[in-house]
**Student:** 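Can you keep this structure in mind? I'll have questions shortly.
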2 protein chains.
Amino acid sequence: MASIKDVARDAGVSSQTVSNYFNNPSIVTVKTKAKVEKSVQKLGYIPNASARRLRNQRSYTLAVGIAPSGYSQIFDPLLHALVSEADNHGLRIMLYKTDSKTDEIRQFKSLVSGGDVDCFILTDTVYDDPRITWLTSHNQAFVLFGRPWGQETDRDSSTAWVDVNGRLGIADVTRHLIVTGHRRIGFLGWPDPSGTGSDRRSGWEDAMLTAKLASKDELKSLQIESEDNIRAGQLACQKLLRKHPDLDAIVCVSDTLATGAHTFLRQDCHIDITGFDNNSSAQSLGFISLEQPSSEIAHELVRIAIEKISEIEHGTVHADLQSQHVLLTPRIVHG
Amino acid sequence: MASIKDVARDAGVSSQTVSNYFNNPSIVTVKTKAKVEKSVQKLGYIPNASARRLRNQRSYTLAVGIAPSGYSQIFDPLLHALVSEADNHGLRIMLYKTDSKTDEIRQFKSLVSGGDVDCFILTDTVYDDPRITWLTSHNQAFVLFGRPWGQETDRDSSTAWVDVNGRLGIADVTRHLIVTGHRRIGFLGWPDPSGTGSDRRSGWEDAMLTAKLASKDELKSLQIESEDNIRAGQLACQKLLRKHPDLDAIVCVSDTLATGAHTFLRQDCHIDITGFDNNSSAQSLGFISLEQPSSEIAHELVRIAIEKISEIEHGTVHADLQSQHVLLTPRIVHG
DNA sequence: CTGTTAGCGCATTCAC
DNA sequence: GTGAATGCGCTAACAG
């Protein structure tokens, strides 16, 4: 509740000196600094956020959308990492609801006009996403978590994103299976169209082709699609095994499907299963999985957000475009 | 970007009139209202949040803590419901990190002194929680999600909370099993001490004792404890069945454990399983579960938050204490 | 019922 | 290097 004036009075200086102490420390005498420091400590002074925001015309907050479905793209650990990373830079994370893409744009309008948000973090974007169009045309900072899937054009190069290289991750895990003696490796994927799903699947295809463990035609037969839930995973696994009883491993596009496969096969089976996300099921059932590097994702997301905010503030595009398209590698976690 | 002055100029009135249009509409002429309305629409005016916050000394934001562990008490659907409900009342949800209870108090300090937050929503509280002590002594509004477990005293009556009646929910589901012909019903629970876990277990005990399906001693033997993960659930289920091969149903304290039990038993088995939370596993595997009423929880949480903020603002405790201790009933969801 | 005045807390000009 | 003004956008008190 103490204001800058209280500190100034207590320290026997003027309020602007206190302001300088925080915003431009280099121009304050060491002696004065000590006095201010003491008073700040004594009064527990913290600058008032609203006043600072009003004065600087910046909200110091990042907005993250949260979808109605239980399964939003923003997973729990990432949210925490984001809050933590933002905190390191004096930024806050605010949530807004995204019941639909049009509803989301209504939210943008309210948030932006109200000066509530400096930068948006979007998920689940597609090519020609109306949200991207809106934000761009309103000169509003934003970063995507997840590449915008679909036809790519030049115009995308100005759209910053951070994503996880599922293709590489799945290829890594497939290679791991190969070098540990597996030869007949199936794939349990999501139904098309799914950008993320196709990307991950191609990792398995890459590794299999390179290792000459299957022809392109055989790859088609060695994979099966399933909705992302345990029961569907169990059934798909059963179906795949009926077709290929000789499988010695199954790479799954998600931990949910891997859990389905694993629980269908039970312990006594010699078929190895891998998943993606390293959720609690992967840990407890002990199958190999790929962990999304939440901290790094958050780190990059916040870094780019700050860049974008600065770009918009100064009306420049000084940043290296490459550095705003970040592809992170998931880490293999052995059960 | 339009300010209240722009609207005033465009509408040919003073800026106060525009302010009144929003904050005290009853004192504005119908004719004037129309003019203002038109200009607001035309300019897409939205009041600047920071200015309003500074002026009114209110942040219009609720803070929700987010824990580092993947499994925070605040689950995804609740978060969405919270954002949605807050939005209905012109409130925002801000996240802050809670790496530890002491770290959390440091966050409080920063958030409160900075005027960033009007009310906190806490989870995972215990009796004599240092956070509660701090918030209370600093006259700061807060609501708990989840009762503070432990020894209860008078002093708790001023602490508002919203919780889900796990005991009643589990008793309901147990009764459902009984009336559908089950007699030997086991329980798969969490290890003590767990307030929530004990609460839920006692629901099963209630129903079993009332139905005279077991003596108090037998109840002890019909239950088993397990860490909350799938593998542990599988093992505990196995162990329980070895002791009681005649079980015809197992009530589980969580969907995770239910998933463990269900996947251990497989389809062909005649033993029914129930869980708690109605997560995606419950839905896909098709076992009975209890759904947390996220919308209601959010509704009550926000309602009480608003009450608390008003109490603190006016320095009164006008609210009915009963209405600030809300126990909601989970809903049975049949697979 | 409408318009004028003042100030929320801070930070960026300027003189000194 | 420090202190005195000014205004960010808004709204609660007044006066008209």
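Letters A, B, ... mirror the listed sequences (proteins, then strands); counts begin at 1. Excluded from the calculations below are hydrogen atoms, water molecules and symmetry mates; all remaining heavy atoms, backbone and side chain alike, are included.
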**Student:** From C-beta outward on L54(B), which listed nucleotide comes closest to its side chain: dA11(C), dG3(D), dC8(C)?
**Tutor:**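 The listed nucleotide nearest to L54(B)'s side chain is dC8(C).
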**Student:** Under 6.0 Å from the ring centre and within 45 degrees of the ring axis: does the NZ or CZ of R52(B) meet both conditions for the six-membered ring of Y60(B)?
**Tutor:**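 Cation-pi check for R52(B) and Y60(B): passes.
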**Student:** Rounded to the nearest angstrom, tell me the gap between atom CD1 in I4(A) and atom P in dC8(C).
**Tutor:**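 Result: 13 Å.
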**Student:** I want to verify a distance call: between dG9(D), dG3(D), dC10(C), whose nearest atom is closest to the N48(B) side chain?
**Tutor:**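 Looking only at heavy atoms from C-beta outward on N48(B), the closest nucleotide is dG9(D).
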**Student:** Please report the distance, rounded to the nearest Å, between CZ in R9(A) and C1' in dC10(C).
**Tutor:**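 Spelled out: CZ on R9(A) to C1' on dC10(C) is 16 Å.
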**Student:** Is it true that E104(A) and K101(A) have a side-chain N and a carboxylate O under 4.0 angstrom from each other?
**Tutor:**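 Salt bridge between E104(A) and K101(A), a charged N being under 4.0 Å from a carboxylate O: no.
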**Student:** In residues 21-44 of chain A, what residues come within less than 4.0 Å of DNA chain C, judged by heavy atoms?
**Tutor:**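 When residues 21-44 of chain A is checked for heavy atoms under 4.0 Å from DNA chain C, the hits, listed by number, are N23(A).
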**Student:** Take the protein atom CG of N20(B) and the nucleotide atom P of dC14(D), then report the distance between them rounded to whole Å.
**Tutor:**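 My rounded result for the distance is 15 Å.
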**Student:** To the nearest angstrom, how far is R53(B) atom CZ from dC10(C) atom P?
**Tutor:**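 Going from R53(B) (CZ) to dC10(C) (P), I get 16 Å.
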**Student:** I'd like to know if R53(B) pairs up with D116(A) as an ion pair, taking the criterion as any Lys NZ or Arg NE/NH1/NH2 lying under 4.0 Å from an Asp or Glu carboxylate oxygen.
**Tutor:**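 Here R53(B) pairs with D116(A) in a salt bridge, since their nearest N and O are under 4.0 Å apart.
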**Student:** In whole Å, I'd like the distance from the OH atom of Y60(B) to the C1' atom of dC8(C).
**Tutor:**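 The distance from OH of Y60(B) to C1' of dC8(C) comes to 12 Å, rounded to the nearest Å.
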**Student:** Under 4.0 Å from OP1 or OP2 of dT2(D): is there any side-chain N or O of S14(A) that close?
**Tutor:**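 The answer is no; no side-chain N or O of S14(A) sits under 4.0 Å from OP1 or OP2.
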**Student:** Would you indicate which nucleotide in dA4(D), dC8(D), dC10(C) comes nearest to any side-chain atom of Q16(A)?
**Tutor:**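 Side chain of Q16(A) sits closest to dA4(D).
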**Student:** I'd like to know if the side chain of Q140(B) reaches the main chain of D118(B), judged simply by a donor and an acceptor atom lying under 3.5 Å from each other, with no hydrogens or angles considered.
**Tutor:**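 It does hold such a pair.
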**Student:** What's the verdict on side-chain hydrogen bond (donor to acceptor under 3.5 Å, both in side chains) for E300(A) and Q324(A), showing C-alpha distance, side-chain angles and the deciding distance?
**Tutor:** CA-CA 9 Å; E300(A) 296 297 324; Q324(A) 299 195 342; over 6 Å; no
**Student:** Specify the separation, in whole Å, of atom CG of D116(A) and atom P of dG9(D).
**Tutor:**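 From D116(A) CG to dG9(D) P: 15 Å.
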**Student:** Consider the side chain of T17(A), meaning its heavy atoms from C-beta on, and name the nucleotide among dT2(D), dT11(D), dG9(C) that approaches it most closely.
**Tutor:**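 Between dT2(D), dT11(D), dG9(C), the one nearest the side chain of T17(A) would be dT2(D).
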**Student:** OP1 or OP2 of dG9(C) less than 4.0 angstrom from a side-chain nitrogen or oxygen of Q57(B), does that happen here?
**Tutor:**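 Yes, such a contact exists.
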**Student:** Are the side chains of L135(B) and F120(B) in touch, meaning some heavy atoms are under 4.5 Å apart?
**Tutor:**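 With C-beta onward as the side chain, the pair touches.
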**Student:** Output yes when a side-chain donor or acceptor of S137(A) lies under 3.5 Å from a complementary backbone atom of W134(A), and no otherwise.
**Tutor:**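 Yes, the answer is positive, given that a donor and an acceptor are paired below the 3.5 Å cut-off.
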**Student:** Whole angstrom is fine here: how far is it from NZ in K5(A) over to C1' in dG3(D)?
**Tutor:**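 From K5(A) NZ to dG3(D) C1': 14 Å.
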**Student:** Which whole-number value in Å describes the distance from R55(A) CZ to dG9(D) P?
**Tutor:**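 Taking CZ of R55(A) and P of dG9(D), I get 10 Å after rounding.
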**Student:** Within the 4.0 Å heavy-atom criterion, would you say S19(A) contacts the bases, only the backbone, or no part of the nucleic acid?
**Tutor:**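 The residue S19(A) makes base contact.
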